[in-house]
Every structure is written in C-alpha cells, then in structure tokens.
Amino acid sequence: MLKNISKILLSIILLSSCNYSNNSIENTHYLSHNMIHIKNNYIGKGGPIILIDNKLIGIDFSMDTCFYILDTISYNLTRFGTRGQGPNEFISPVSLEYLNNTTFGSYDIMSKKYNEIKLLSNSNFKVEKFPKTPEHSLSFRSIKIDNNKFIQLGPYSQNMYLVTDSLGRKLNSIHEFPYKNMDEKRIKNKLRAMAYQGKILSNPSKDKMIYTSSVGNIIHFYEIKDNNLNILKKIETAYPDYITEEKGNGFGAPLKPTNIISYIHAYATDHFAYFLYSGKTIEEFINEKSMYYGDNLFVYDWKGNLVKNIKLDIPCQYFCISNDDKKMWAITENPDPNIIMFDIP
C-alpha cells in the first residue's frame, strides 16, 4: 500500500507541459520588493501564505510545527500546530484558505482531511477535522464553500470535482478534466486526473472559484451555485504530454522533464484572480536544484479577462494578496527563505 501511495505522490511531483501560449497585454507593471525583517524567528521551508486581518498565516514544510503567524505590524513570528497524528496535530498540510478574520482552513494531503482552524491567540487554536470517505480519499485539494459544503478535486472514477457535506457524504459529482482531443478524452478519468493536478481556490465571498493546472496553460473560472459550478470561462491553450501507468492499486501519469511548469501558485480576491507563472521546464529546475518559482504575475477579472501583467524583480514561490488588492506578500529564497512585500499599482 505504501508503495502505491509513493507512486501516486511521485506523479504529483513530476508534472509538466508541452507548450505555452503567451499571455499578453499591452501594459506591463514592474514591481520592486520590500524585504520583511522577522525579528524573533525564521522560516525553514516556506509554503502557502494567506492574510487574515493584519496577520500573515503560513505553512512551514520543514519545521516540527506546521504553521506560523507573522504580525505584519511588529514583524514578530509565532509558531503553532505540531506535526504528528494526534487530535490537534497535522501530518502534511498543503493549502491555506481564508474563512473569516479568526479562522482559516487547510487541507492535509496525507490524512486526506480538511482542517478548520480557529485562532484563539497567537499560539492557541481550536481545530475541527472533517471526515474523509473512500470516494475522495485521494483528493488533491479540498476547499470549504459554506458552513456545510466542500468542493474536492481528485482522481475519481468519474468527473473532476466532488461536492460533499461536512460528514463526507457526496452531494454532487461534476465537470470533467481537460483533454486536447478525443483520444485523450477516452483515457480513464483517474489517470487523466494525475496529469491535470493543480489548485482550486475560492474568493473570500465564496461565490466564485478558479482551477489551474500545474502544467499546460489551463485556467477555469467558475461561479459557485448551490451544489454546482457554473462555468464562467475556460482558458486552455496548451496541454500536458504524458503517458499513463496502472498496475494493481497504483496508477500515475509521468511526464517528460522537458515540459514546462506553468502556474506555480494562484490566489483569489473578490475583485481579481492572480496567477504566478514560471515558464521554465522541469529539467531546468532539476539542474538548478531549486524549488519551482516564477516572476510573472498575471491578473484576471472574474470574467476571465487578463487585465494586468506584473513583472516582479525577484522570483517567488508562494504569495497572497490583500483584500483591497493593494499589497502582495510573497515567499522567496534569496538564498534563504524570506518574506517580501510588493505595493500593487
């Protein structure tokens, strides 16, 4: 079983695409960063970040505590969330989601559970773990869209998304993974899903959602309506090139190292959707012995129109945007992990 899980997780890492169709807009904004000097601590291996009130919540992939809080006024950093398998511990959280000014959500890729975490103070918190079911036990991502409803993305027997309630019961199964031709469409859904892994994010108001693949040039914009997702716009101009593997309980879709990593990270506000683009190949990142990063930020409105192209003066790995769309906080390695900030015009 562990061998099969390792095979699936390896396919998650080895993602790529064959082409890239340039996003273009007449005006490009060039931004310079401001370094944030953390006073009392440091970041081990930075992961996703979100902004709650005047506090930056982040995941640290290498420390014994999974999360940290950085006060954006005092620049003091506090850690919390022990790594482990206890009732208030976490194994491998991979995402962060704003829920309200005291609460955020995080999906744990190893336990396959969505955790709702309420901050009581800088180091004290209350966590509610929502159950998984066999059908979505392989979900790549899970987001909460209201008090009793979740959307899951994963390699299911059918469809791209599951809509579930807080008890893990399926409410709906909707949409299908992208495909470039009918031959690809005939590939088993769970195998095609492995090549089109990516991110799903909702805006703070929880009435819209985006999906973007880690490879290819693919972005989907949705309106969240009851137990469904209404398509606002699909952008699909380049697709992954992959082969499929299936043996016993293990399956995957390994891709060529010469293919391009597209969107490193994404973020959504009520006004815009932001996508951090790389354009480098997997092979280039392997040769550099570096994590994926990008320095082009594409900004779309919720109709799916590209409205702004931002060129950053330093490559970034993860980022978040203030609710008023005026500031960008980001994780970069220069050469050690640092938090930086940009003013957005």
[atom1] ([X]) with more than 12 external heavy atoms under 6.0 Å:
{"X": "K233", "atom1": "NZ", "value": "yes"}
{"X": "N147", "atom1": "CG", "value": "no"}
{"X": "K311", "atom1": "NZ", "value": "yes"}
{"X": "D165", "atom1": "CG", "value": "yes"}
{"X": "E89", "atom1": "CD", "value": "yes"}
{"X": "K208", "atom1": "NZ", "value": "yes"}
{"X": "K234", "atom1": "NZ", "value": "yes"}

Hydrophobic clustering (ILVMFWY, side-chain heavy atoms < 4.5 Å, transitive) - are [Y] and [X] grouped together?
{"X": "V127", "Y": "I50", "result": "yes"}
{"X": "I143", "Y": "F150", "result": "no"}
{"X": "I243", "Y": "I187", "result": "no"}

[X] versus [Y]: any side-chain heavy-atom pair under 4.5 Å?
{"X": "F221", "Y": "I219", "value": "yes"}
{"X": "Y242", "Y": "Y196", "value": "yes"}
{"X": "I231", "Y": "H175", "value": "yes"}
{"X": "N54", "Y": "D71", "value": "yes"}
{"X": "P93", "Y": "N115", "value": "no"}
{"X": "E176", "Y": "K185", "value": "yes"}
{"X": "I339", "Y": "L70", "value": "yes"}
{"X": "M328", "Y": "S322", "value": "no"}

Worksheet item: side chain to side chain contact (heavy atoms under 4.5 Å, CB included) between L51 and T72: does it pass, once the steps are laid out?
Response: CA-CA 9 Å; L51 192 64; T72 59; 4.2 Å; yes
Pair [X] and [Y], ring centroids less than 6.0 Å apart:
{"X": "Y267", "Y": "Y274", "result": "no"}
{"X": "Y211", "Y": "Y222", "result": "no"}
{"X": "F80", "Y": "F125", "result": "yes"}
{"X": "H265", "Y": "F319", "result": "yes"}

Worksheet item: Would you say the side-chain atoms of N181 pair up with the backbone N or O of D183, donor to acceptor, closer than 3.5 Å?
Response: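 Yes.
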Worksheet item: Which one of I49, I57, I38, I59 satisfies the side-chain contact (heavy atoms from CB on, under 4.5 Å) criterion with Y68?
Response: I49
Rounded to the nearest 0.5 Å, how far does [atom2] of [Y] lie from [atom1] of [X]?
{"X": "M341", "Y": "L56", "atom1": "CE", "atom2": "CG", "answer": "11.0 Å"}
{"X": "T212", "Y": "F298", "atom1": "OG1", "atom2": "CZ", "answer": "11.0 Å"}
{"X": "S32", "Y": "N34", "atom1": "OG", "atom2": "CG", "answer": "8.5 Å"}
{"X": "T82", "Y": "Q85", "atom1": "OG1", "atom2": "CD", "answer": "13.5 Å"}
{"X": "C66", "Y": "I117", "atom1": "SG", "atom2": "CD1", "answer": "8.5 Å"}
{"X": "H271", "Y": "I321", "atom1": "NE2", "atom2": "CD1", "answer": "13.0 Å"}

Discussion item. Run the side chain to side chain contact (heavy atoms under 4.5 Å, CB included) test on L312 and L276 for me, step by step, so that the C-alpha distance in whole Å, both residues' side-chain angles and the decisive distance to 0.1 Å come before the verdict.
Written reply: CA-CA 10 Å; L312 308 174; L276 182 63; 4.1 Å; yes
Please find the pair of heavy atoms, one from [X] and one from [Y], that lie closest to each other, and give the distance.
{"X": "P87", "Y": "K129", "result": "O-CE, 3.4 Å"}
{"X": "A268", "Y": "P204", "result": "O-CD, 3.7 Å"}
{"X": "D295", "Y": "I314", "result": "CB-O, 4.2 Å"}
{"X": "I151", "Y": "I200", "result": "O-CD1, 3.7 Å"}
{"X": "I331", "Y": "G46", "result": "CG2-CA, 4.1 Å"}
{"X": "F140", "Y": "A193", "result": "CE1-O, 3.6 Å"}

Practice prompt. Cation-pi check, K190 to F251: give yes when NZ or CZ is under 6.0 Å from the six-membered ring centre and within 45° of the ring axis, no otherwise.
Written response: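 K190 over F251 ring: yes.
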Item to complete: Using the ring of Y42 (Phe, Tyr or Trp, six-membered ring only), decide whether R79 places NZ or CZ under 6.0 Å from its centre and within 45 degrees of its axis.
Response: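 Satisfied, under 6.0 Å and within 45°.
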I'd like to know if [X] pairs up with [Y] as an ion pair, taking the criterion as any Lys NZ or Arg NE/NH1/NH2 lying under 4.0 Å from an Asp or Glu carboxylate oxygen.
{"X": "K144", "Y": "E116", "answer": "yes"}
{"X": "D343", "Y": "K326", "answer": "no"}
{"X": "E97", "Y": "R141", "answer": "no"}

Practice prompt. Kindly determine whether S157 and N189 satisfy side chain to side chain contact (heavy atoms under 4.5 Å, CB included), including the steps that lead there.
Written response: CA-CA 6 Å; S157 58; N189 190 75; over 6 Å; no
Item to complete: Just do the salt bridge (Lys or Arg N to Asp or Glu O under 4.0 Å) check on E333 and K45 with the steps written out, would you?
Response: CA-CA 9 Å; E333 290 190 0; K45 186 177 181 181; over 6 Å; no
Worksheet entry | Single hit among Y277, Y263, F275 for ring-ring contact (aromatic ring centres under 6.0 Å, His included) with Y300 |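 Of the listed options, the one satisfying the test is F275.
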Using distance alone, with no hydrogens and no angle criterion, decide if [X] and [Y] have a side-chain donor and acceptor under 3.5 Å apart.
{"X": "S205", "Y": "D207", "value": "no"}
{"X": "N100", "Y": "T102", "value": "yes"}
{"X": "T269", "Y": "N323", "value": "no"}
{"X": "T103", "Y": "Y98", "value": "no"}

Worksheet entry | Check against ring-ring contact (aromatic ring centres under 6.0 Å, His included), Y239 and Y179 | CA-CA 8 Å; Y239 299 86; Y179 55 89; 8.2 Å; no
Practice prompt. Show the numbers, then the answer: is there a side chain to side chain donor-acceptor pair (under 3.5 Å) between Y114 and S106?
Written response: CA-CA 6 Å; Y114 184 93; S106 180; over 6 Å; no
Practice prompt. Begin with the C-alpha distance, continue with both residues' side-chain angles, and end with the deciding distance and a verdict on salt bridge (Lys or Arg N to Asp or Glu O under 4.0 Å) for E128 and K118.
Written response: CA-CA 9 Å; E128 182 177 3; K118 183 178 179 62; over 6 Å; no
Worksheet item: Where do S62 and D60 land on the side chain to side chain donor-acceptor pair (under 3.5 Å) test, with the steps shown first?
Response: CA-CA 6 Å; S62 68; D60 196 318; 3.2 Å; yes
Worksheet item: Between N217 and T237, is a side chain to side chain donor-acceptor pair (under 3.5 Å) present by the stated rule, with each step listed?
Response: CA-CA 6 Å; N217 190 28; T237 60; 2.7 Å; yes
